[in-house]
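Only this structure's heavy atoms are used, side chains among them; waters, hydrogens and symmetry mates stay out.
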Amino acid sequence: MSNIGVPIKLLHEAEGMKVTAEMKNGEIYRGLLLSAEDTMNMTLSDVLRTARNGQVSKLPSVYLRGSSIRFIALPDLLKNAPVFQKVTSMKRKMEQDQKMRQQGNKRKRGD
């Protein structure tokens, strides 16, 4: 799991939580994320499926192919996930470094 990106790590963190997946064909699936793979394939249980025409159906479980998913809405609770906190701190550090470089360039030019 070391070569995967932050979005996939967040998806794995969401296992056991309610998620919503919109498919490329317009269908929407909302259910409990049982498992997720690095390819974004996922298994949901207790699923509400909303078809493109608005018809809602309840399914006991579904397996969604990652390449067919347009986007996934994850719970807000994941804002506090350790992997996301690490990314946030790295971003702050990069912004501070950039600010310091800009200030250093101003001093060299005599602005």
Side-chain angles (χ1 to χ4, degrees):
M1 209 162 101
S2 61
N3 291 335
I4 60 173
V6 173
I8 302 300
K9 288 180 183 177
L10 277 173
L11 183 60
H12 286 293
E13 291 270 344
E15 289 178 354
M17 300 179 186
K18 285 272 189 184
V19 299
T20 303
E22 182 175 320
M23 308 304 285
K24 290 180 180 177
N25 66 5
E27 294 178 341
I28 299 172
Y29 293 86
R30 176 161 175 76
L32 185 70
L33 180 60
L34 294 180
S35 65
E37 301 172 16
D38 292 353
T39 56
M40 288 179 45
N41 296 340
M42 63 180 70
T43 304
L44 303 178
S45 67
D46 299 325
V47 180
L48 280 179
R49 174 188 167 263
T50 306
R52 289 173 39 184
N53 64 6
Q55 181 181 356
V56 178
S57 54
K58 188 167 173 70
L59 304 168
S61 66
V62 294
Y63 182 81
L64 303 176
R65 183 178 171 96
S67 63
S68 298
I69 297 172
R70 179 175 290 135
F71 74 87
I72 304 165
L74 301 173
D76 285 341
L77 178 66
L78 288 176
K79 289 180 183 176
N80 300 323
V83 68
F84 197 64
Q85 295 299 323
K86 184 177 178 182
V87 169
T88 303
S89 66
M90 287 172 52
K91 182 180 176 190
R92 281 190 199 120
K93 185 178 181 330
M94 286 175 52
E95 288 171 348
Q96 287 174 348
D97 290 348
Q98 185 179 15
K99 191 174 184 180
M100 294 294 281
R101 281 194 300 272
Q102 288 174 346
Q103 289 175 350
N105 287 341
K106 286 182 181 179
R107 287 188 196 123
K108 287 180 186 175
R109 291 188 310 219
D111 290 346

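- A distance of 11.5 Å separates CD in Glu37 from CE in Met40, rounded to the nearest 0.5 Å.
- Rounded to the nearest 0.5 Å, atoms CG (Leu44) and OH (Tyr63) are 11.0 Å apart.
- Residue-environment remark: CZ (Arg65) stays at or below the threshold of 12 foreign heavy atoms within 6.0 Å.
- Closest approach of Thr50 and Val56 over heavy atoms only: OG1-CG2, 4.0 Å.
- Ile28 and Leu74 are assigned to two separate hydrophobic clusters, defined by single-linkage of ILVMFWY side chains at heavy-atom distances under 4.5 Å.
- At least one donor-acceptor pair under 3.5 Å links the side chain of Asn41 to the backbone N or O of Gly66.
- Both Val62 and Leu33 are assigned to one and the same hydrophobic cluster, defined by single-linkage of ILVMFWY side chains at heavy-atom distances under 4.5 Å.
- Tracing side-chain contacts under 4.5 Å through hydrophobic residues (I, L, V, M, F, W, Y), one never reaches Leu10 starting from Leu32; they form parts of separate clusters.
- Note: the hydrophobic cluster containing Ile72 also contains Met17 (ILVMFWY, side chain heavy atoms under 4.5 Å, direct or indirect links).
- Of the possible donor and acceptor atoms, none in the side chain of Lys58 sits under 3.5 Å from a partner among the backbone N and O of Arg49.
- The OG atom of Ser61 sits 7.5 Å away from the CG atom of Leu34 when rounded to the nearest 0.5 Å.
- To the nearest 0.5 angstrom, Glu15 atom CD is 9.5 Å from Thr43 atom OG1.
- Remark: Met23 pairs with Asn25, Glu27, Tyr29, Leu64, Ser68, Ile69 by the side chain to side chain contact (heavy atoms under 4.5 Å, CB included) rule, at least two apart or across chains.
- Of the inter-residue distances, the one linking Arg70 atom CZ with Lys24 atom NZ reads 8.5 Å to the nearest 0.5 angstrom.
- Considering CD of Gln98 and NZ of Lys93, their distance stands at 12.5 Å, rounded to 0.5 Å.
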